[in-house]
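Source: prediction; values computed, not measured.
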Amino acid sequence: QSQYVQLLAEIQRPHVSLNRSVLNLGRIYAGVAEYVNPQSKHAKQSLTLTNYGNLPAHFRFAVKNDPERIIAAVEPSSGVIQPKSEIKLKLSITAFVGGNTNELFICDVKDMELPIGFELLADIYGLNVAYETQEDQSASVGIMDKTSMTGSSAVRVTGSHQASTK
């Protein structure tokens, strides 16, 4: 005599998402560190990683470390998010090139088909310097372009300076 047992199987994958796909910081300044966390001026732009699934999920954010352009980090940068829970993320960013920027921050979640992430938008202002000198009744003006800085206290001045000698 045969006996049958009815089986039901459910295959699950991690189901993780971020609370936003775009993070707009507005105006920031080249060479000045900006932070996104509950205590910062960007507190309303919080980042939350949420695991809606029934399985723990391993995640890892890609690091941006280009001292000529941008240095940025998400904390925690990697870890395990438990089922039905969330993690508040912190972001630190220092840009070194002026102008509009849009940077993609990618997070790889193990066993998810596609990575997740967010786009960071900012209008980065560099340092503008103008100077004028008076030597023997001749004046000259040099202007620093809105360009990059090599460190938080260094300034690269471009332009010309002319002085007459007698």
- Message: Before you tell me yes or no, could you show the steps for I124 and F96 under side chain to side chain contact (heavy atoms under 4.5 Å, CB included), namely the whole-Å CA-CA distance, both residues' side-chain angles and the distance that decides it to 0.1 Å?
- Response: CA-CA 8 Å; I124 303 166; F96 299 100; over 6 Å; no
- Query: side chain to side chain contact (heavy atoms under 4.5 Å, CB included) between E34 and K41: does it pass, once the steps are laid out?
  - Reply: CA-CA 9 Å; E34 293 287 335; K41 69 179 182 180; 3.1 Å; yes
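A search for side chain to side chain donor-acceptor pair (under 3.5 Å) contacts involving N100 returns nothing, not counting sequence neighbours.
In this structure, P76 and K88 approach most closely via the heavy-atom pair CD-O, 4.3 Å. Smallest separation of non-hydrogen atoms from A30 and G126: CB-CA, 4.0 Å. The two residues A72 and V63 make their nearest non-hydrogen contact at O-CG1, 4.1 Å. In terms of heavy-atom proximity, I28 sits nearest to A122 at CD1-CB, 3.8 Å.
A distance of 5.5 Å separates CZ in F59 from CG in L49, rounded to the nearest 0.5 Å. Rounded to the nearest 0.5 angstrom, E103 CD and L121 CG are separated by 10.5 Å. The line from CG of L25 to CG of L91 is 7.0 Å long, rounded to the nearest 0.5 Å. Between the CG atom in N24 and the NE2 atom in H42 there is a gap of 10.0 Å [rounded to 0.5 Å]. To the nearest 0.5 Å, atoms NZ (K84) and CG (N51) are separated by 8.0 Å. Atom-to-atom distance recorded for T48:OG1 and I87:CD1 is 10.0 Å, nearest 0.5 angstrom.
V32 and Y35 fall into different hydrophobic clusters, where Ile, Leu, Val, Met, Phe, Trp and Tyr are joined by side-chain heavy atoms under 4.5 Å apart, directly or via other members.
Residue C107 is tested with V74, I116, V16, L89 for a side chain to side chain contact (heavy atoms under 4.5 Å, CB included); the sole match is I116. Checking N102, V36, I93 one by one against L120, the side chain to side chain contact (heavy atoms under 4.5 Å, CB included) holds for a single residue, I93.
Using cut-offs of 30° and 60° on the angle between ring planes, the pair F105 and F118 is parallel.
Residue pairs meeting the ring pair (Phe, Tyr, Trp, His ring centres under 6.0 Å) criterion with at least one partner in residues 63-82, sequence neighbours excluded, do not occur; the list is empty.
For R69 (side chain) and V97 (main-chain N/O), no donor-acceptor pair under 3.5 Å exists by modelled atom type. Between the side chain of N19 and the backbone N or O of S46, at least one donor-acceptor pair lies under 3.5 Å.
Within a 6.0 Å sphere centred on NZ of K64, other residues, nucleotides and ligands contribute more than 12 heavy atoms.
No side-chain heavy atom of R13 sits less than 4.5 Å from a side-chain heavy atom of L55.
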